[in-house]
Amino acid sequence: MIKPFEKPIYVTRPFLPPLEEFCQGLSEIWETRWLTNNGPILQRFTQELCNFFKTDNVCLFNNGTLALQIALQGMGISGEVITTPFTFVATTHTLFWNKIRPVFVDIEPDYYTLDPEKVEAAITPWTTAILAVHVYGHPCKLNALADIARRHNLRLIYDAAHAFGVKVDNTSIAHFGDLSMFSFHATKLFHTLEGGMLIFQEAGLKGIFDYLKNFGFKNEVEVVMPGTNAKMNEMQALMGIQVLKYLEEIIHKRARITDVYRDRLKEVPGIRLVPSLSPDISFNHAYMPIEVDEQEFGMSRDALYERLKQWNVYSRRYFYPLVCDYPCYRSISVNDPLTVARRVADSILTLPIYDSLELSEVETICEIIMFLQKGKDGLSRSTNAVKKRVRIK
Ligand SMILES: Cc1ncc(COP(=O)(O)O)c(C=O)c1O
């Protein structure tokens, strides 16, 4: 008999460095009393990231959303931008805040990234850029998108919020396209509590981004553009330096968790896993998505999501609903039927994955899913029946 977990298993749990290490780092901040505004720890962290990514074109921010918002502003993107509706809502918000019209097109069914054919079909005289997302850390169709961008003279921007640590052909994912934004939010496998980073090709953008994140200040008396406040502080940078030391270990543990999930779930009727990634991709195992086929599994995705809570397992319907279906974006006309994105948004579920999740816990989560699939709990399969039974938090 499988028992529910005693403590809740959430979809993610942030990695924290040993407390003594963090306290040691804090003592430097207490000595200098330099808390923000390009302090010594931020400078050190920036240098470490420059070394890690083998480029000087790195700029740090207090979160990923403002990083991307500033990127679009600093690059002068305007008019229409072709993007995906299958993403976290912040991707689209950054367009909105820059008065850019999002043009939503469909995703491809394997890895859920922007479908290049649909991108090309959506280009108009007002299109200035493509904003693609490496969803769950899966690299987009890099060559196809680069080819479209080149032929149509468009900027190619990647929301790489999920993709820290991913490499393609031994090259960091950060080096594809004109610019990539990474989120260092606490829920990400690499984090700085909150934080964000831009990596870009054009060295000249660095100065602009630095102005824009610090009110436009050039010096004490000159403000050269109407910037905002999006600076990373010393505590964030300290967390970044310390978490970076453990990155390999974190990814390794996540890889083992992914292996167990994939092995146990691969033959469960009605559960679809993403196809294995091509061997030239070095992956970060940021998320563990599954698709639930209601007919075959015998239970809808929503019912499974609710039922898992009864076992103290908190998965996420990530991303559901599609961004274009949120009330604030519903008035934007969408020409693409978004067939794949709609199907995926209705069937996707991301399962718990984090470095401290025990492999035995992963085994149990899989056993619960198999148990539910076989209908051994004897409960009704319908979502409404489940919702009535489970108090929604
Ligand atoms: C795809 C995507 N884009 C943008 C963001 C925004 O990043 P942040 O939370 O650092 O502002 C997130 C995440 O949190 C995300 O998942």
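Order of appearance sets the numbers: ligands from 1, and atoms from 1 within every ligand. The figures that follow rest on heavy atoms only: side chains count, while hydrogens, waters and symmetry mates do not.
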For Tyr354, which residues count as a ring-ring contact (aromatic ring centres under 6.0 Å, His included) partner, sequence neighbours excluded?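 For Tyr354, no residue satisfies ring-ring contact (aromatic ring centres under 6.0 Å, His included) once neighbours in sequence are set aside.
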List for me each residue that meets ring-ring contact (aromatic ring centres under 6.0 Å, His included) alongside Phe190, sequence neighbours excluded, and say none if there are none.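 Partners of Phe190 under the ring-ring contact (aromatic ring centres under 6.0 Å, His included) test: Phe164, Phe184.
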Distances for all N or O pairs of ligand 1 and the protein under 3.5 Å?
from	atom 1	to	atom 2	distance (Å)
ligand 1	3 (N)	Asp159	OD1	3.3
ligand 1	3 (N)	Asp159	OD2	2.7
ligand 1	7 (O)	Ser183	OG	3.4
ligand 1	10 (O)	Gly64	N	2.8
ligand 1	10 (O)	Ser183	OG	2.7
ligand 1	11 (O)	Gly64	N	3.3
ligand 1	11 (O)	Thr65	N	2.9
ligand 1	11 (O)	Thr65	OG1	2.5
ligand 1	14 (O)	Lys188	NZ	2.8
ligand 1	16 (O)	His162	NE2	2.8
ligand 1	16 (O)	Tyr318	OH	3.3

At what distance, to the nearest 0.5 angstrom, does NE2 of His285 lie from CG of Leu189?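 Separation between the atoms: 10.0 Å.
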Phe176 ring center near Tyr158 ring center (under 6.0 Å):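 No; Tyr158 has its ring centre 6.0 Å or more from that of Phe176.
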With a 4.5 Å cut-off on side-chain heavy-atom distances among I, L, V, M, F, W and Y, is there a chain of contacts connecting Tyr329 to Val103?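 Yes, Tyr329 and Val103 fall within the same hydrophobic cluster.
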Test of understanding: with salt bridge (charged side-chain N to carboxylate O under 4.0 Å, His left out), list the residues that count as partners of Lys188, not counting sequence neighbours.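 If we apply the salt bridge (charged side-chain N to carboxylate O under 4.0 Å, His left out) test to Lys188, skipping adjacent residues, there are no hits.
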